[in-house]
Amino acid sequence: MIRGALRPLSAPVLAPAPLPRAQALLEWYDRHRRALPWREAARDPYRIWLSEVMLQQTTVAAVTPRWRRFLDRFPSVEALAAAPWAEVAEEWAGLGYYARARNLHACAQAVAARGGFPDTVEGLRALPGIGAYTAASVAAIAFGRAVVPLDGNVERVTARIAAVEEELPGARPRLAALAQGWMGQEEAAARPADFVQALFDLGATICTPRSPACALCPWRGACLGQRQGIAQSLPRKAPKRARPVKQGVHFLLTDAGGRLLLRRRPPSGLLGGMLGLPGTPWREEAWSEEDALAHAPALLPWRRLPGEARHGFTHFELRMALYTASAPPGLNAEGEWLAPEAAAAALPGAMQRLLALAEGAGAMASPARDAPARGAAKTPTPGRPA
DNA sequence: CAAGCGTGGTA
DNA sequence: TTACCAAGCTT
């Protein structure tokens, strides 16, 4: 497209933008690099890999304490490989995207069996849970390979520097090629780990999604998006669909010792492999009390707590009702009995909302958390037909 | 290839 | 409150 022809005649004539210089970015990085804990673990592929998997769609603030705790519990890839799944699940509880934990465990076993991590992009890419991004990231950061991982930061920086107006995800191959092209400069190829982390930091601290700090950007002079005044609007993305509301009913069964009945969820799918409270499936149609009670773990005088627990997933909004009962001595119910503290630690966030609801209603012997989760407890739903 | 898959923070 | 977003992968 011929940009010049569409500009007002009064627009100044701009010199062609220079190629973004790797050296300029690296000098900025040497002065402003963020002190992240996994950057201290120089080139240990286990720690680098663990950080990359945790950081998938997850913020640095959420990952930092969990990364430390995980390494305390599983100090090596061999230790992780040897651990039972229940321990890995407990350690990952609350972090979300639980397929990551399942793949992490499987990957550790594969790596331990072959005697260490592969040191090429192709070798890494073949492991469970390692896609194009993580393979390139570990290859560059842990093994010094001159490859650029395309994450959300690099997508944004690249789309803006080159003023790529094509929408994601279609633009991804073009953006990847552009970013990889920058790695072709001698200064970048001499420091691949620093160069990719410099791109991450630039995206995270300067070239942010909203209100980028262009005045502070080391690549400002080379940025076509900034020059055209469209940087903030890039990269463009297809609009997202509305999230439906789904409903479920769950059951909190307490024994004489105050322990709770939990069940391991099926190994794949939503919250796969994690513990949860027994309950109905989640569906858009409301549950009648009769239909819901058919999913109760035992035939008992169940009492519905007022209010509901709410939890937002990526693709739907969940509202859960909670019934409670006390287990008579000798009751035979399928599942595992856990103390409330152990349950709170091992449950995914959606299920923790139910414990918070019970705690708020005074239906539990001891607190599940310091305080009920935000927005968990709601006013009773008055009108819905039972 | 579009959809499924969590959670917490911010505007 | 709603909407968007964060160092994505799998099917």
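Just so it is clear, the values below take in all heavy atoms, side chains as well, and ignore hydrogens, waters and symmetry mates. Residue numbers begin at 1 in each chain, while the letters A, B, ... track the order of the sequences.
Regarding Asn103(A), its CG atom lies at a distance of 12 Å from the C1' atom of dT11(C), rounded to whole Å. In this structure, the CD atom of Gln232(A) is 15 Å from the P atom of dC4(C), given to the nearest Å. Atom CD in Glu317(A) sits roughly 14 Å away from atom C1' in dG8(B) (whole-Å rounding). Phe200(A) has its CZ atom 19 Å from the P atom of dC5(C), to the nearest Å. At whole-Å resolution of the value, CG in Leu104(A) and P in dT10(C) are 12 Å apart. Spacing between atom OH of Tyr98(A) and atom P of dT10(C) amounts to 19 Å, rounded to whole angstrom units. Atom CZ in Phe316(A) sits about 10 Å away from atom P in dG4(B), given to the nearest Å. Atom CZ of Arg319(A) is separated from atom P of dT1(C) by 11 Å (rounded to the nearest Å).
A heavy atom closer than 4.0 Å to some atom of DNA chain B occurs in Gln57(A), Thr58(A), these being the qualifying members of residues 53-90 of chain A. The stretch residues 136-147 of chain A has no heavy atom under 4.0 Å from DNA chain B, so no residue of it qualifies as close.
At the heavy-atom level, Pro149(A) lies nowhere under 4.0 Å from the strands shown. Contacts of Thr134(A) with the nucleic acid, taken as non-hydrogen atoms under 4.0 Å apart, involve only primed sugar atoms and P, OP1 or OP2. No engagement by Arg243(A) is indicated, since no non-hydrogen atom pair under 4.0 Å with the nucleic acid exists. The residue Leu95(A) sits close to a base: some heavy atom pair falls under 4.0 Å. Leu36(A) comes within 4.0 angstrom of a base, heavy atoms only. Here Arg156(A) lies in heavy-atom contact (under 4.0 Å) with sugar-phosphate atoms only. When heavy atoms are screened at a 4.0 angstrom cut-off, Gly203(A) is found touching no nucleic acid atom at all. Residue contacts for Trp38(A): at a heavy-atom cut-off of 4.0 Å it reaches a base atom on one of the strands shown.
Residue Arg241(A) has a polar side-chain atom (N or O) positioned under 4.0 Å from OP1 or OP2 of dG4(B). In terms of phosphate contacts, Lys240(A) brings no side-chain nitrogen or oxygen within less than 4.0 Å of OP1 or OP2 of dA3(B).
Separation of atoms CG (Leu355(A)) and CD (Glu341(A)) is listed at 10.5 Å; rounding is to 0.5 Å.
Donor-acceptor pairing under 3.5 Å, judged by distance alone, is present between the side chain of Tyr97(A) and the base of dG6(B).
Rounded to a whole angstrom, the distance from the P atom of dA7(C) to that of dA3(B) is 23 Å.
Nearer the 5' end of DNA chain B, as judged by each residue's closest nucleotide, is the contact made by Pro169(A), out of Pro348(A) and Pro169(A).
Put simply, the side chain of Ser51(A) gets close to the backbone of Ile48(A): a donor and an acceptor are under 3.5 Å apart. Between the Arg47(A) side chain and the Trp38(A) main chain, no donor and acceptor come within less than 3.5 Å of each other. For the pair Arg66(A) (side chain) and Met54(A) (backbone), a donor-acceptor distance under 3.5 Å is absent.
Annotated stems with DNA chain B as a participant read B:2-5 with C:8-11, B:7-11 with C:2-6, given as range with range, by first number; only runs of 3 or more Watson-Crick or G-U pairs under 3.5 Å qualify.
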